[in-house]
Amino acid sequence: MGYWLMKSEPETFSIDDLKKKKVEFWDGVRNYQARNMMRDDMKVGDLAFFYHSNCDVPGIYGIAKIVKAGYPDKSALNPESKYFDPKASNDNPRWFGVDVAFVEKFAQPISLSQMRAELKLQGFRLLDKGSRLSILPVSDNEWQTILKLKS
DNA sequence: GCCAACGTTGGC
DNA sequence: GCCAACGTTGGC
């Protein structure tokens, strides 16, 4: 099974929103590395940490599950959407997303600073200086190590 | 193909 | 709100 980390700003889409909706299309990713992972590498059944950025306590707020593998992100075709991309078309959708389902919301988030303090997480890409990638692969070891930080 | 300019991300 | 890091764009 694959493990991932998916970033979202709580203002845009939060773990509570996902809990309410149960399943949601993860749209709006406009970065090629992140797109490639969603299009090519994410499999149904994979689990993902739900990370919130740009908020009081940046960190992991819960877990989601991939329930549908990558397919075109139609928001790129919609001029009304804030994710509209004039270079996308039906023939060449350019951007992709996956469906994720709510699994769990942690009682307390696992904060970025907690993860930075964990020596075993040295090398985890999230912690790289200037890391901005919104979809990240998480190794087995990293996944287990991070879960142990839950309070 | 280089690289400066620009826009965005995201922690602080 | 600041600013460093990064990705993308576009002129040449």
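By convention in this document, chain letters (A, B, ...) are assigned in the order of the sequence lines, proteins followed by strands, and residues within each chain are numbered from 1. Side-chain atoms are counted along with the backbone in the values below, which use heavy atoms only and exclude waters and symmetry mates.
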Between C1' of B:dG11 and CG of A:N54, the distance in whole Å
8 Å
Would you say A:L112 and A:L127 make side-chain contact, with heavy atoms under 4.5 Å?
yes
Between A:D73 and A:R35, does at least one N-O distance fall below 4.0 Å, as a salt bridge requires?
no
Taking atom C1' of B:dG11 as reference, at what distance in whole Å does atom OH of A:Y51 sit?
8 Å
Is any side-chain heavy atom of A:I63 closer than 4.5 Å to one of A:L147?
yes
DNA chain C-proximal residues of residues 87-98 of chain A, any heavy atom under 4.0 Å:
A:K87, A:R94
Contacts of type ring-ring contact (aromatic ring centres under 6.0 Å, His included), residue A:Y51, not counting sequence neighbours:
none
Does A:E9 reach a base, just sugar-phosphate, or nothing at all? Heavy atoms under 4.0 Å.
nothing
A:L136 CG to B:dT9 C1': how many Å, rounded?
13 Å
In whole Å, I'd like the distance from the CG atom of A:D85 to the P atom of C:dT9.
8 Å
Would you please name every residue forming a side chain to side chain donor-acceptor pair (under 3.5 Å) with A:S14, sequence neighbours left out?
A:D17
Has A:Y32 got a side-chain N or O lying under 4.0 Å from the OP1 or OP2 atom of C:dC6?
no
To the nearest Å, how far apart are A:I135 CD1 and B:dT9 C1'?
14 Å
Measure the spacing between CG of A:N141 and NZ of A:K120 and express it to the nearest 0.5 Å.
9.0 Å
If I take atom NZ in residue A:K7 and atom C1' in nucleotide C:dA5, what distance separates them, rounded to the nearest angstrom?
12 Å
Side chain to side chain donor-acceptor pair (under 3.5 Å) against A:D27, all qualifying residues, sequence neighbours excluded
none
Name the orientation class of the two ring planes belonging to A:W143 and A:F49 (parallel below 30°, tilted from 30 to 60°, perpendicular beyond 60°).
parallel
Go through residues 115-133 of chain A and report each residue with a non-hydrogen atom lying under 4.0 Å from DNA chain C, sorted by number.
A:K129, A:G130, A:R132
Sorted by chain and residue number, the side chain to side chain donor-acceptor pair (under 3.5 Å) partners of A:S131 (sequence neighbours excluded) come out as none
